[in-house]
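The block underneath contains the structure these notes are about, expressed in structure tokens.
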Amino acid sequence: MRIATWNVNSVKARMPRLLAWLQDRQPDVVLMQETKSTDAAWPAAEFAALGYESAHYGDGRWNGVAALSRVGLDDVTRALPGQPTFDGALESRALGVTAAGFRLWSLYVPNGRALDHPHYAYKLEFLAAVQRQAAAELRELPRDAAPFALLGDFNVAPTDQDVWDVAEFVGRTHVSAPERQALEQLAQGTGSVESSLPELMPRASADVDDQRHPYTFWEHRMLGFPKGRGMRIDLVLANAAFRGRVGDVWVDRDARRGQGASDHAPVVIDLD
DNA sequence: ATGTCGTGCAAAGCACGA
């Protein structure tokens, strides 16, 4: 069983590489973020041709979350109960699905923009809503027997080692104490620390700058990838039932290379 | 600090978000 999470930064623009990647990597389940698609424009038929059912929840121009599965796709939940709005709008940033008995959430956490920006408060409120929903769903699970995970673009670097130069981030979002505390609360709420811990990543590419802290995102701007200026912000938070089945977690850096790449690389989880 | 992308609108240039 292979589960992946990937911020594709427009499904339309990524389609050629995405289809090739599915055929090459053969994931069973893929959680996507930033599809930038409407439900009407979602290319379900092209995914179906490769054997994937899909569910999509999208605004159109911004956001958009989705799930592909070739092992069943049920109990689709669009948005978090009590999810905060921004400028009065409910944004498509959360999609819950059940696949092969795995309860999974595809999450695109708000960026925050700046510490004094309303988007930052929105980000913290969103993380609190994730926490409430995770806690509610975990209470329903039979004695932690069912695997549960929160996957996606959290827009938070868990530690100082998860950004290319911490000095660049002083006073900025993604590294602030409240964001990291919200992430830590989430980790506690799932009965787990992150699954994408360094010791679980033996298959990280040989040319990774720091294999203990593989990045998942490099800005398109400023030649972020060629210069190695990355961040680890695409995360997997999982309960014990999920963690107990994890054989390997790795960042697919090849998907970040070359023309037509998203600014995020997929995080791939191989389970027994 | 911002060299790149992607989108939508309404028009091939800009505003916005990241």
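Quick note on labels: first sequence line is chain A, next is B, and so on, each numbered from 1. Small disclaimer: the values here were computed from a predicted structure and weren't measured.
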task = Return the orientation label for the A:W42 and A:F47 ring planes: parallel under 30°, perpendicular over 60°, tilted otherwise.
result = tilted
key: Nearest-nucleotide 5' precedence on DNA chain B, A:Y108 against A:A13   = A:A13
key: First of A:K227 and A:D263 reached from the 5' end of DNA chain B, by closest nucleotide   = A:K227
query = With no hydrogens and no angle check, is any side-chain donor or acceptor of A:Q26 less than 3.5 Å from a backbone partner on A:Q23?
reply = yes
key: Syn/anti label of B:dA11 as read from its glycosidic torsion, with the cut at 90° from 0   = anti
ask   = What do you reckon, are the aromatic ring centroids of A:F148 and A:F242 less than 6.0 Å apart?
value = no
query = With a 6.0 Å cut-off on ring centres, are A:W218 and A:W164 close enough?
reply = no
inquiry  = Counting the atoms with a prime plus P, OP1 and OP2 as sugar-phosphate, which does A:F225 contact under 4.0 Å by heavy atoms, base, sugar-phosphate, or nothing?
reply    = nothing
Pairwise [atom1] distance for [N] and [M], with rounding to whole Å:
| N | M | atom1 | answer |
| --- | --- | --- | --- |
| B:dG13 | B:dA1 | C1' | 25 Å |
| B:dC5 | B:dA10 | P | 27 Å |
| B:dT2 | B:dG6 | P | 22 Å |
| B:dC14 | B:dG3 | P | 15 Å |

query = Can A:R93 be said to sit on top of A:Y108's aromatic six-ring, NZ or CZ under 6.0 Å from centre and within 45° of the ring axis?
reply = yes
task = Give the first and the last nucleotide of DNA chain B, reading 5' to 3', that has any atom under 4.0 Å from a heavy atom of chain A.
result = B:dA1 to B:dA18
task = Indicate whether the side chain of A:S262 and that of A:R14 have a donor and an acceptor atom separated by less than 3.5 Å.
result = no
